[in-house]
Amino acid sequence: MTTTITWLGLSLLAASCVAANDQYVMGVPTPTTEPDWFKTRPQSFQGYTATGAAPFLAQTNPAPFGDPATYTVNDPLETSQPIHGAKDRNIFHHMGNLSPYYPRADGFGVDEYARPKGSNITQMHLLHRHGSRYPSKEESDRLADWAKNFANAIAHGAVFNDELSFLHDWSYTLGVAILTTRGRQDLFDSGVLNFFNYGHLYTEGTKIVARTTTQDRMLKSAENFLSGFFHLDWDQHVNLLAMIEEKNYNTSLQSINACPNAMHMSFGDYVDVPLKKWKNHYLSHRTKHLNHLSHKYTWTINDSFNAQALCAYETVALGYSPFCALFAFSEWEGFSYAYDITFAGYSGFQCPIGRASGITWVEEFLARVENREFTTRGSSSAANLTLNTNPVTFPTNQSLYFDFAHDNILISVLTAFGFRQFADLPIPDFLTTTTTNPSPSPQNPQFQPPRNHSFQTSKLIPFGARLNIEIIQSPHKIHPNRTHTTNHPYLDNTPETKYIHFLVNQRTVPLHSSFPDDCLYRSDGWCELDAFLAVQRGSLEKAKWDYSCVGEWELGGFGDVGDGVPIDEWGNREGGRE
Ligand SMILES: *[C@@H]1O[C@H](CO)[C@@H](O)[C@H](O)[C@H]1NC(C)=O
Ligand SMILES: *[C@@H]1O[C@H](CO)[C@@H](O)[C@H](O)[C@H]1NC(C)=O
Ligand SMILES: *[C@@H]1O[C@H](CO)[C@@H](O)[C@H](O)[C@H]1NC(C)=O
Ligand SMILES: *[C@@H]1O[C@H](CO)[C@@H](O)[C@H](O)[C@H]1NC(C)=O
Ligand SMILES: *[C@@H]1O[C@H](CO)[C@@H](O)[C@H](O)[C@H]1NC(C)=O
Ligand SMILES: *[C@@H]1O[C@H](CO)[C@@H](O)[C@H](O)[C@H]1NC(C)=O
Ligand SMILES: *[C@@H]1O[C@H](CO)[C@@H](O)[C@H](O)[C@H]1NC(C)=O
């Protein structure tokens, strides 16, 4: 397997070269006319896609699962199947980046606070993940092959009993890489929600630039969002820029495509080894059990993992999946943690190019907040300078910014901002050392899937995940320890002050947690904008884009890197395992 496939195979993109007869819409520049930057049809660079079978939930839905008293209607997904050990918890909140969108009740450590009367939200910057999708090309090849194996085995006399007996009637019907119907809904609903929250910030009669990439699900996520925010004639209000998503093209919205090391270095076992150990551990008990139910077929760890992935994918594509109830709640926590390992290692603080992958969007954000030109040098980010130095394609005077990107970019952006509150991935020793797996026992508390750690992909990057950044102008400083009942929120005799407020999936991310020296503790988790910007002026240098993307460095083992940059030439492992 080549590195390219490893990186790109991370369920992120399935871009393949467009067919020779496809029309290229971008850039037909003549010296005198501006290209039509905002033309998005016919599509180009949309990646490999395929549609799947139409759902038939009215016919396939087995609800009410025995007890009519607990019947819940599908909304639109059927997620009420009984799960062993779930109590009141929902397995669909524990599927890593394959979790359907939901705002988390537990938040990120601070309460939500209302804007104090007299202050105003003046800007909102949105970075949005696409909605629920079918498996990417690589995943879909794997899952389709897996399904073929079953069909073959059954044709040769394999028999699956009890809870696996449905396999005799099951077939694989998913498409590839495009949004599912639920995925369109994710973005439309978010457009509606964001209109309620921020509609006032749009000035009637203006046309704002929103950005996405050319990949089919990215373009359509943006369009569905904009239809929800405005209406079907959103293009009266928005110029939508679809940046080319393809290897060697620059864009902040899929920056690894412009990062040579991400594409050419051999990352090989870096994430695969700990991931495989984790799967062997958390799925061993279930795999033995399912193997007992399989005759003339050896049910393996991979079978168990694929079955979990199918639960997630079938649910968002077809509304219900018979694979979900095969697993107990803690095995869903184990599944989710497998994605935490994956994203920490490929995009976050445990990734040597984690900061580099997110820094371009951070630099764009700074130019927008400061309402100035984009000045970051070519060699220190993946920006498309043709677009970013043109005010037509990169205006910095808007009050609303809508950008659409992939899960990995959201994680890398948090990393490049330096949100070290998400650097804490707990890594049990047996994942990174040569010690053999401890004799797996679900009773051994030491090896339960970690819970309540802050780097949870299910919480940060479910389908339809979003980062909303508000800029708030206040007539005075706001009391740092305000409570929900404070009548007088302002500190007397203090000047007008701007604040920044970060929300991930509608919950506040407290800024003092990662930047305690500059963003002093605040009960509302906000930070004075000037203080936050002062911190961020150092982020570009910390990201070491040139070194990370073009330099020569040793990869080390998983866990050695802890600050989103390579171990440096002196072997220093900032934040990493000693
Ligand atoms: C920048 O974007 C423009 C417009 O999509 C495209 O024509 C050009 O090739 C891009 N440049 C790079 C280096 O990606
Ligand atoms: C299990 O899946 C992994 C990752 O897809 C693959 O590398 C490995 O070869 C598979 N193992 C078996 C026994 O099929
Ligand atoms: C594209 O990014 C590279 C860095 O990877 C930079 O050197 C180059 O100037 C950029 N080109 C454009 C047109 O933005
Ligand atoms: C931003 O500035 C440009 C050119 O100066 C102007 O055409 C556009 O209307 C402005 N946009 C907003 C949202 O004010
Ligand atoms: C995790 O958080 C939940 C909700 O905040 C809490 O009920 C639970 O006790 C915590 N679990 C652990 C192991 O800390
Ligand atoms: C907030 O907006 C109101 C209404 O436009 C305005 O009167 C007030 O001065 C603004 N406050 C600040 C702090 O900018
Ligand atoms: C706010 O609370 C923190 C911690 O509880 C305390 O250290 C600080 O002095 C308080 N600040 C003010 C202005 O009351």
Side-chain angles (χ1 to χ4, degrees), residues 15 17-18 22-30 33-46 122-125 198-215 218-219 222 230 236-265 353 355-361 363-364 367-403 471 540 543-551:
C17 292
V18 287
D22 274 356
Q23 296 181 47
Y24 288 76
V25 296
M26 288 297 182
V28 203
T30 65
T33 55
E34 180 100 8
D36 187 355
W37 302 110
F38 307 113
K39 189 165 160 17
T40 52
R41 294 294 186 287
Q43 284 178 257
S44 61
F45 296 99
Q46 67 268 52
T122 56
Q123 273 177 31
M124 194 282 289
H125 304 251
Y198 305 108
H200 181 83
L201 291 178
Y202 170 73
T203 308
E204 220 30 78
T206 63
K207 231 173 166 185
I208 60 171
V209 171
R211 304 185 309 167
T212 186
T213 78
T214 50
Q215 203 185 56
M218 293 306 322
L219 178 61
F230 295 100
Q236 305 299 303
H237 310 284
V238 175
N239 282 322
L240 181 59
L241 180 68
M243 301 177 81
I244 297 172
E245 179 169 344
E246 180 61 84
K247 266 178 266 174
N248 300 320
Y249 282 93
N250 296 19
T251 171
S252 57
L253 304 177
Q254 190 53 306
S255 50
I256 57 174
N257 284 348
C259 176
N261 282 343
M263 291 188 293
H264 306 306
M265 252 184 84
I353 59 164
R355 281 184 185 257
S357 305
I359 195 61
T360 314
W361 194 85
E363 288 294 296
E364 290 176 342
R368 288 163 162 181
V369 172
E370 295 176 342
N371 189 359
R372 59 165 169 81
E373 286 172 14
F374 184 86
T375 52
T376 314
R377 281 181 306 119
S379 58
S380 50
S381 91
N384 182 320
L385 295 174
T386 309
L387 298 172
N388 280 28
T389 56
N390 183 346
V392 172
T393 46
F394 191 75
T396 57
N397 59 349
Q398 297 182 177
S399 0
L400 275 178
Y401 294 95
F402 302 141
D403 283 346
I471 305 298
L540 182 64
K544 302 185 182 173
W545 196 91
D546 203 37
Y547 182 58
S548 302
C549 286
V550 190

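Computation of the quantities below employed the complete heavy-atom set of this structure, encompassing side-chain atoms and omitting hydrogens, waters and symmetry-equivalent molecules. Quick note: residue numbers are just sequence positions, from 1. Every number for a ligand or one of its atoms is a count from 1 in the order of the listing.
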Taking only residues two or more places apart in sequence or in another chain, which ones pass side-chain contact (heavy atoms from CB on, under 4.5 Å) with [X]?
{"X": "Asn390", "value": "Glu34, Trp37, Val392, Thr393"}
{"X": "Ala258", "value": "Asn250, Ala382"}
{"X": "Gln236", "value": "Asp233"}

Spacing of Phe374 atom CZ and Glu364 atom CD [to the nearest 0.5 Å]: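 Between Phe374 CZ and Glu364 CD, I get 5.5 Å after rounding to 0.5 Å.
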Parallel, tilted or perpendicular: ring planes of His125 versus Tyr401, cut at 30 and 60 degrees: parallel
Phe230 and Phe402 aromatic ring geometry - parallel, tilted or perpendicular at 30°/60° bounds: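 Aromatic pair Phe402/Phe230 classed perpendicular.
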Trp37: numbered ligand 1 atoms lying under 4.0 Å from its heavy atoms: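 Close to Trp37: 4 (C).
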Amino acids contacting ligand 3, non-hydrogen cut-off under 4.0 Å: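 These residues qualify: Asn250, Ala258, Gly378, Ser381, Ala383, Asn384, Leu385, Thr386, Trp545.
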